[in-house]
Amino acid sequence: MGSMKEEIKKEIISRFEQEIEKFNLGEPHKSVSQIHEEFKEHFSDKTIQNIGKTYFPEDYKIIYSKPKVSQEVYRDIKVRIAIEIDRFYSGYSATPLEQIYKEFKNVINSVDTIYYIGKKEFLDEYNEIWARQPLPDEVMREIINILKKEILNYKNGIKPKSISRIHKDFQEKVKSSSVIAKIARGNFPKYYYEIWTKVKITPEIKDKAIKRIKREIDFYKSGHEPLSIRDIWKEDFQPYMSEGQLGEIGRKAYPEDYELIWGAYRIPVEVKEYLIKTINNEISKYDSGKTPDSIRQIQQKFGKWVKSKDHIISIAKNVNSEKYDEIWSIPRIPEHIKIQVIEVIRNEIAKYKDGLEPRNIKEIWEDNFIQVIKTRDTISDIAKKAFPNEYDLIWGKEIPDDKRIGIIQDILDYGNPNVRTIGQIAHKYGVSNTTVIRISVNEVKGCYTSFSHEERFPQDFFAALGTILHNIIKYLITAHFWRKNSKAYSEIIVDFNTRVLIDNFFLNVKSHNYLYKVLECNRYLVKEMHLDIDETRNINGFMFDYTNDVSEKNIRKKGKKYQKKDKLLFIVGTRWPRKYKKRIIETSFKNIRIIKHDLFAEFIGIDGKILDIFNYAIGLNYIFDLNALKETLMGIENNFLKKFGRDLFKNDDLKKDLEKKGIRYDDFF
């Protein structure tokens, strides 16, 4: 019986080794409870924990022992580490985690807390910056010699030590076993996969992998977006091999196709998610009447990771194929519309020749064709083909060299108050703001100076603070309503003449009346917000605008901007003045309510983790912590995209949902 227990104990030790290695390689790993589930017939949960603590004290502490620190301290450490990551990627040396520990030693007990938070919150960056610091030559030689010895043992039929066991011999010199894994993988790739990934690939599995990768290559060549190697691995091969082994099989079987599809295409997950968000933002710009960036312009923003615009096209088609065809494919304009455009352009050219100021392309589009042509670029394309010389002279992007040099000089002239803004420079030279931005981004940076366009023309701090907080709220509210099988629509056009957008919109028609039901069941909210439940039943939508400024002047401006007779507008104060003791500000507007952020949260019904994040973001807003808010938004966006596979619901989604109910979108607002 005793020997059986010992054998099971060895299995448990082996299981801990595997899970620790998964953790250090950034792969999903089992919790202690999950390990216990495998062995619960033989040992208690407590015994499993003791085995882990005894045989792997350092790794167990980092992976399974959550440090006992307050939420505030945890947040401060997280922000501190995030600052170092930002410094590192800006070209500076990162502060050692031991040094960061000294800053917090009065509120935490061990440097392990810093390690834990760094790994848990920023695993990839942690491994890149702190776990992968260059080792001294003598330590590197020691590790390589140990690895050679274990490979020799393996060849001779002796069981080699695991990566975690090898790391135990170097704990004072190497902070993470992932460093050992990287050295093994880099110096002995064949034996690394044979010995330490614990996977032996059968010929049948290898053949299956080759066929599976060929299927994705064919899918790509037919104009569709292929799955990433990671996704293929997760779907079909995770039990049989590592992701790296699958990639190596594909690379050897189809070297050219593999490099084309997964070489340049293999971008970090977070970059791909940001690319998807960018495409959705451009679609939203298009839906709101603005000109979206071209595929080439989007590709230039991501040039560091995406080598070809074909990859952008592939992703854009996958995000929204209908919108891709509508926005970025060759526009199909009826012939009679083209004739109208040509006639209007001809008249503008005649005005120019008579010494009068012609309208720019944007004005022509907005004044004459916004209802029948979706983007002003189409106007440009027609004008270029019909009148190439006149177009270049009047509307072409090329400007005289002396004017360009003047613009560049003024961009470089930081201290001159007369050219401090983009608008001032554009007005001085009679060009558009876009022209100044284009020269600043494409010609000034790198050629004349090292400063960025954002540094030269910084966004207003308070505007940025508000924008980021608004976006955080939109994502949180959308996720909350999604779980309720309902929709929150974001950045909805409520006035087609002025193109005014409201932050969030909720339907109150037919079965889409979730918020009305909330009020019906919580009459204290009706009373506190001074609503009439019968009148509320008859409105067709709830509008929400978020603002840090609840001054009387701003409220009047927003009332004029957003107010609709058949809709109820809530202006949500995200920075509530202390002089207001109640959670609502009295107003003479019948269908407008100014409410405090916590009353809004209560009305919407958010709770649990979403409420915690909401309150955390509001707190950061109160202390003007823009960097932490940016970090919070990035995390929320990434989680939202991973969980729901799309971005926010916007104009196009609302239009489709209204049409399903027999309501014309144009009539609704």
Side-chain angles (χ1 to χ4, degrees), residues 18 21-22 24-28 124 127-128 132 143-144 147-148 150-157 160 162-163 166 177-272 275 302-315 318:
Q18 293 171 32
E21 285 184 22
K22 286 180 184 177
N24 286 318
L25 292 171
E27 298 173 4
D124 291 339
N127 286 335
E128 180 71 26
R132 300 182 181 181
I143 293 171
I144 288 175
L147 291 169
K148 284 180 178 178
E150 296 307 320
I151 291 169
L152 186 61
N153 284 340
Y154 169 73
K155 288 179 176 179
N156 293 331
S162 69
I163 294 292
I166 296 171
S177 61
S178 64
V179 178
I180 310 289
K182 182 188 176 187
I183 294 169
R185 191 165 56 242
N187 289 274
F188 312 103
K190 176 185 175 183
Y191 291 108
Y192 174 79
Y193 290 118
E194 277 189 27
I195 300 171
W196 288 293
T197 59
K198 304 187 186 314
V199 173
K200 308 294 182 292
I201 303 172
T202 65
E204 293 78 14
I205 292 296
K206 183 177 180 181
D207 185 57
K208 182 181 176 183
I210 290 172
K211 289 178 180 176
R212 181 71 177 81
I213 290 171
K214 180 65 166 64
R215 200 162 80 228
E216 290 302 318
I217 291 171
D218 292 340
F219 196 59
Y220 169 78
K221 288 181 177 179
S222 67
H224 298 86
E225 181 186 5
L227 290 177
S228 67
I229 291 297
R230 170 168 282 271
D231 287 339
I232 298 170
W233 172 68
K234 280 184 175 179
E235 281 190 8
D236 295 321
F237 299 99
Q238 195 166 3
Y240 310 110
M241 65 183 71
S242 71
E243 180 188 348
Q245 286 173 300
L246 179 63
E248 194 61 28
I249 288 171
R251 192 178 288 108
K252 287 181 179 177
Y254 310 102
E256 292 183 7
D257 289 325
Y258 188 96
E259 182 58 33
L260 171 66
I261 300 172
W262 293 290
Y265 190 79
R266 193 170 59 248
I267 60 176
V269 173
E270 61 274 14
V271 174
K272 185 174 180 181
L275 174 55
F302 291 85
K304 180 178 178 182
W305 299 282
V306 184
K307 304 304 180 188
S308 167
K309 72 174 184 179
D310 291 339
H311 295 315
I312 306 289
I313 291 171
S314 180
I315 293 172
N318 193 54

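Counting from 1, the numbers follow the sequence of the chain as shown. The shown structure was predicted, so the numbers you read here are calculated from the model rather than taken from an experiment. Scope of the values below: all heavy atoms of this structure, side chains included, with no hydrogens, waters or symmetry mates.
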**Distance, nearest 0.5 Å, that separates CD1 of I143 from CD1 of I183** = 4.0 Å

**Complete:** Heavy-atom nearest pair, I205 first then F237, reads O-CE2, 4.1 Å

**Item:** Value rounded to 0.5 Å, distance of CG in L147 from CG in L152
**Value:** 12.5 Å

**Prompt:** Do the non-hydrogen side-chain atoms of D236 and L246 ever get within less than 4.5 Å of each other?
**Reply:** no

**Item:** Closest heavy-atom pair and its distance - I163, A184
**Value:** CD1-CB, 4.3 Å

**Request:** Report yes if the side chains of K214 and I210 come closer than 4.5 Å at any heavy-atom pair, otherwise no.
**Result:** no

**Message:** For the CZ atom of F188 and the CD1 atom of I151, what is their distance to the nearest 0.5 Å?
**Reply:** 4.5 Å

**Asked** Does the pair R212/E216 count as a salt bridge with the N-to-O cut at 4.0 Å?
**Response** yes

